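Read the structure below first, then the notes.
Just so you know, ligand 1 is whichever comes first in the structure, and atom 1 is the first atom listed for that ligand. Model, not experiment: these values are computed from the prediction.
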Amino acid sequence: MRSEVGTTIRLSEYAPPSYLVSAVSLTFRLYPRRTIVKAALSVQLNLGTVPGTELVFDGDGIELLSLTLNGLPVDATTTPEELRIAGVPHEPFTLEIETAIDPEANLALSGLYRSNGVYCTQCEAEGFRRITYFPDRPDVLSVYTVRIEALSSEAPVLLSNGNPGEAGELPDGWHFAEWHDPWPKPSYLFALVAGDIVGAFDRFTTMSGREVELGVYVERGKESRTGWAIESLKRSMKWDEEVFGREYDLDVFNIVAVSDFNMGAMENKGLNIFNDKYILADFRTATDTDYANIETIIAHEYFHNWTGNRITCRDWFQLCLKEGLTVYRDHEFSADMRSRAVRRIAEVRTLKSAQFPEDGGPLAHPVRPTAYREINNFYTATVYEKGSEVIRMLRMVIGDSAFRVGMDRYFGRHDGDAATIEDFLACFEEASGRSLAQFALWYHQAGTPQITAETQYDKDNERLVLTLDQFVPPTPDQTDKKPMHIPIAFALFRPDGAHFSVSKQSDLVQDGIIHLTEQRSEVVFDGIDEQPVVSLLRGFSAPVTLDIGQPEADRIFLARHEDDLYTRWQALDRLATDTILASYRQSGGRELAGSADALIALYGEVACDEGQDAAWRALTLTLPGEATLGREAGLNVDPDAIHDAREALLSAIAESHASDFAEIYGALGTNEPYSPDALSAGRRALKLVLLDYLTVAEGGAARGKDLFDRADNMTEEAGALENLILRRPQSTEAKAARAAFEARHGDDPLVMDKLLGMIARVPGGDAPTRILEAMEHPNYVETNPNRVRALIASFAGANPSGFHRPDGSGYRILADVIARVAPQNPQLGARLATHFRSWKGLETTRRAAAYEVLQSLRNKPDLPLDVRDIIDRTLS
Ligand code: B3K
Ligand code: ZN
């Protein structure tokens with residue numbers, strides 16, 4: 001285990017590696033408790049390194065068996081964390097290192113470990129140093145050749161990166177396989193898998209005619225659930241050729257699904273390793289959401305082949321270079337596969353629920369951070385989601401064609417490089433012929449910019465003046481902020497819904513976008529012959545908050561007539577948020593504030609609008625989430641009152657539209673066979689949203705139970721069960737449905753995770769007791785991250801009223817789990833600890849309770865650096 005104090009690594013102190021490794025040859029002899037790794041490294045002095053400079057390679061818990069240099073013993077200083085050799089030759093030399101590792105005992109799931117008997121690796125960010133000593137940093141690129149030896153009965157399938165080479169039998173029931181990856185890569189992309197797994201295969205012909213064999217490997221017995229993953233992969237490969245001109249570059253592309261994994265998936269060159277939750281799908285066990293997630297994560301990992309692998313990061317500060325860009329690419333892919341507006345709503349919801357609280361709290365950091373103690377703690381919503389928004393804005397700022405030219409220039413110029421954000425931006429500066437110096441602040445300044453807008457209309461002069469102010473709030477270590485370049489997409493509507501055609505009025509306005517570059521800007525529109533309705537931040541053109549003093553009638557107009565469907569949702573979501581927050585402030589959520597009749601009527605119109613995609617109607621009928629509402633409520637937040645205020649609006653909508661909703665619900669009952677396509681999924685989503693309203697309006701549990709009994713696919717089965725468990729937890733219907741669900745799916749941990757997640761989200765005061773009970777459920781196993789995330793992360797992240805109990809009982813559950821899990825799996829522990837990040841915004845009793853729990857967690861003696869880093873920053 002690395003130092004618990006930890007040193008701070010700074011971008012400003014970046015220095016190129018002293019030694020490069022051009023080729024790596026690895027031989028693994030796999031034993032569950034004592035795997036032997038032989039590494040032969042072709043090492044050479046980096047250009048610019050003074051000959052004689054000491055060689056220092058990274059290690060992490062390494063047991064060294066032998067070490068030679070050019071075949072001879074060598075004087076070295078070795079600890080489990082480091083290898084130092086003072087006098088290495090000035091000419092290239094070979095270092096041979098033999099190490100021993102214990103995959104079975106590796107519960108950190110970093111380096112080489114075993115998941116359900118399958119050997120697998122996870123090396124990003126710093127897992128390779130748990131396998132052998134190495135300059136384990138992304139700017140050392142090497143060509144890898146790998147030989148794997150294992151007992152045939154234990155591991156009939158042996159996989160690594162690149163193309164397959166020789167394979168054959170060995171004495172005593174052993175066998176071997178060799179792999180060669182011709183593309184130089186950093187150590188974090190190394191991968192090995194060996195086990196009794198089964199592949200499903202297909203082929204893809206690339207645009208230049210290269211034949212690629214595709215394999216998706218899963219644990220034995222799960223082969224029938226690989227079809228959707230393979231289809232998604234083929235569509236991703238085609239899309240990247242068509243949209244970005246990027247072709248695949250090896251003879252094989254393999255994916256392996258494992259059941260113990262710290263995140264979603266990993267883009268290892270030619271051998272992606274996935275959390276099985278994001279591979280396995282059939283209609284009886286996976287929901288529409290699972291299908292959509294699989295599609296997007298398969299695409300994401302595949303797209304990394306160019307944005308991440310062919311061009312990698314110079315150092316970990318540049319993480320957004322590959323992650324933000326690849327998220328942007330997977331967003332575009334999903335938008336092309338499904339409805340663009342619906343995808344955008346989902347993206348913005350995620351941004352607001354995951355990134356905004358990060359950016360507004362103690363863990364805030366720039367998209368490109370400048371310092372870290374533990375890099376694994378920077379795989380954040382800011383680097384990923386805000387990083388993607390930055391690319392989206394870049395495209396808006398320079399235009400589609402310059403963006404494409406810039407991307408091509410980036411791929412062409414930096415192929416094979418370990419690059420930086422500066423390298424990336426330079427390609428777009430050249431392509432567009434404009435400076436991106438101010439735009440680059442999006443990478444450097446943390447915090448969500450706040451925009452305030454005011455309009456003044458002068459009828460006599462047919463003139464509209466729009467005044468926009470920006471304020472970037474202070475964040476940890478950054479108090480003085482400069483004005484940013486913020487693209488604000490806009491439209492001016494006539495009362496009949498037509499657009500004013502706004503010709504070029506000033507340099508600030510181009511193609512429907514106001515380019516806000518000063519702290520304050522006044523934009524003047526002439527020739528506006530009637531009072532317009534102003535729509536700002538269309539399509540959520542920038543990750544900012546917007547406060548626009550606008551008459552209620554205009555806001556309702558936009559919620560009804562905005563012709564951009566994302567923006568229509570945004571208008572309605574804003575109205576709903578404001579009404580809920582007003583109820584929260586005025587009566588602690590007990591009563592619905594003011595006259596919400598117009599808003600309630602809008603929900604009826606949305607539900608009945610058969611001209612619109614059902615998926616859009618479903619999302620639009622879903623009220624803003626409690627966590628997002630809590631953040632918008634500001635300081636001294638009482639999550640119970642937020643819950644009540646949201647429920648008050650929900651009940652009012654339900655009561656006023658019960659009969660319409662029932663009719664639409666009835667008409668959505670189809671007998672068509674299940675298909676995961678977006679249109680069918682949209683219909684099911686709408687049905688489930690309506691079920692929730694109807695359950696509230698009608699009371700009882702009959703409707704939910706009826707759907708549960710009739711459901712012939714997991715989306716409806718789990719949706720109906722969730723309705724029963726969340727709305728009527730004590731009912732006999734809920735109990736019966738739960739029992740039936742467990743009887744049917746009890747042996748499928750991924751399906752049981754869905755049940756744990758539902759239990760975790762039941763709101764209110766009994767939640768902590770319910771969680772403690774669920775922790776006794778046989779499916780809950782604390783060494784498996786999926787199980788812990790299903791129950792504990794859902795509780796802490798998706799159940800504000802249940803988690804934030806004033807007596808601190810919710811916090812104590814989370815802290816106890818962290819204290820147990822973190823010493824074994826620091827990354828999982830640290831991820832869980834981020835759920836404390838908004839504690840300062842809570843009302844005093846809860847704040848005090850959270851503080852006390854955080855302090856006592858911090859005092860635990862065996863807390864790993866990962867968790868300590870999060871807690872220190874959270875408390876700071
Ligand atoms: N690059 C990996 C994430 C690695 C996380 C390491 N703690 C998956 C992805 O973003 O595609
Ligand atoms: Zn990624």
Side-chain angles (χ1 to χ4, degrees), residues 2 60 106 108-111 113 120-130 136-138 161 185-191 232-233 236 240 255-258 260-275 277-279 293-313 315-334 350 354 367 369 372-388 391 418 785 789 822 825-834 864-867 869-870:
R2 270 170 291 159
D60 184 358
N106 181 353
L109 314 185
S110 163
Y113 65 95
C120 64
T121 53
Q122 171 55 36
C123 292
E124 187 176 2
E126 297 178 337
F128 192 73
R129 63 185 65 180
R130 293 162 64 90
D136 192 15
R137 43 187 289 167
N161 315 90
K185 64 169 177 284
S187 50
Y188 81 84
L189 290 174
F190 165 76
S232 303
L233 175 61
S236 307
D240 212 16
I255 293 179
V256 181
V258 298
D260 300 79
F261 208 63
N262 269 341
M263 60 256 171
M266 177 65 210
E267 70 263 25
N268 318 298
K269 180 82 188 189
L271 178 56
N272 287 186
I273 300 182
F274 270 64
N275 185 328
K277 176 176 163 64
Y278 298 116
I279 291 292
N293 287 338
I294 291 168
E295 178 178 76
T296 204
I297 296 176
I298 292 258
H300 180 98
E301 304 311 331
Y302 174 72
F303 297 158
H304 267 313
N305 191 54
W306 273 94
T307 49
N309 301 3
R310 287 286 283 260
I311 307 178
T312 192
C313 302
D315 53 69
W316 291 122
F317 297 103
Q318 320 296 331
L319 187 57
C320 62
L321 179 75
K322 73 178 178 83
E323 295 304 348
L325 179 55
T326 305
V327 171
Y328 172 74
R329 278 152 52 70
D330 84 54
H331 282 176
E332 283 297 301
F333 168 76
S334 296
T350 304
V367 171
Y372 61 78
R373 285 205 293 171
E374 171 51 61
I375 186 54
N376 284 317
N377 289 344
F378 282 82
Y379 287 76
T380 60
T382 297
V383 168
Y384 277 66
E385 311 302 328
K386 190 174 181 181
S388 163
I391 307 288
R789 280 189 290 254
N825 187 338
Q827 287 182 44
L828 179 61
R831 208 24 91 111
L832 291 172
T834 63
L865 168 65
D866 306 52
V867 181
D869 172 53
I870 297 287

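For T307 and Y328, the side-chain atoms include no donor-acceptor pair closer than 3.5 Å.
Below 4.0 Å from some heavy atom of H304 lie the following atoms of ligand 1, by number and element: 9 (C), 10 (O), 11 (O). Of all atoms in ligand 1, listed by their number and element, those nearer than 4.0 Å to a heavy atom of M266 are 1 (N), 2 (C). Residue H300 approaches ligand 1 through these ligand atoms, each under 4.0 Å from one of its heavy atoms: 9 (C), 10 (O), 11 (O). The atoms of ligand 1 that sit less than 4.0 Å from any heavy atom of K322 are 1 (N). Proximity to E267 (heavy-atom distance under 4.0 Å) selects the following atoms of ligand 1: 1 (N), 2 (C), 8 (C), 9 (C), 11 (O). Each of the following atoms of ligand 1 lies closer than 4.0 Å to a heavy atom of Q827: 7 (N).
H300 contributes NE2 as its N, O or S atom closest to the Zn ion (ligand 2).
Ring-centre distance between F317 and F378: not below the 6.0 Å cut-off.
Residue N293 holds its CG atom at 7.0 Å from NZ of K277, rounded to the nearest 0.5 Å. Distance CZ/F190 to CD/Q122: 12.0 Å, rounded to 0.5 Å.
Between L325 and L321, the closest heavy-atom pair is CB-O, 3.3 Å. Shown here for A125 and Y188, the closest heavy-atom pair between the two residues is O-CB, 3.9 Å. Minimum heavy-atom separation, N377 to A830: OD1-CB, 3.4 Å. Of all the heavy atoms in A108 and N825, the pair that sits closest is O-OD1, 3.6 Å.
If you check which protein heavy atom lies closest to atom 10 (O) of ligand 1, you get Y384 OH, 2.5 Å. Closest protein heavy atom to atom 8 (C) of ligand 1: A265 O, 2.9 Å. In terms of protein heavy-atom proximity, atom 6 (C) of ligand 1 is nearest to E124 O, 3.3 Å.
With salt bridges taken as basic N to acidic carboxylate O contacts below 4.0 Å, one links D60 and R130.
Here E323 reaches the Zn ion (ligand 2): one of its N/O/S atoms is less than 2.8 Å from the metal.
Atom 5 (C) of ligand 1 has its nearest heavy-atom neighbour, among W316, Y379, F378, in Y379. Among E323, R831, E301, E126, the residue whose heavy atom sits closest to atom 11 (O) of ligand 1 is E301.
Residue N376 places at least one N or O, backbone or side chain, under 3.5 Å from an N or O of ligand 1.
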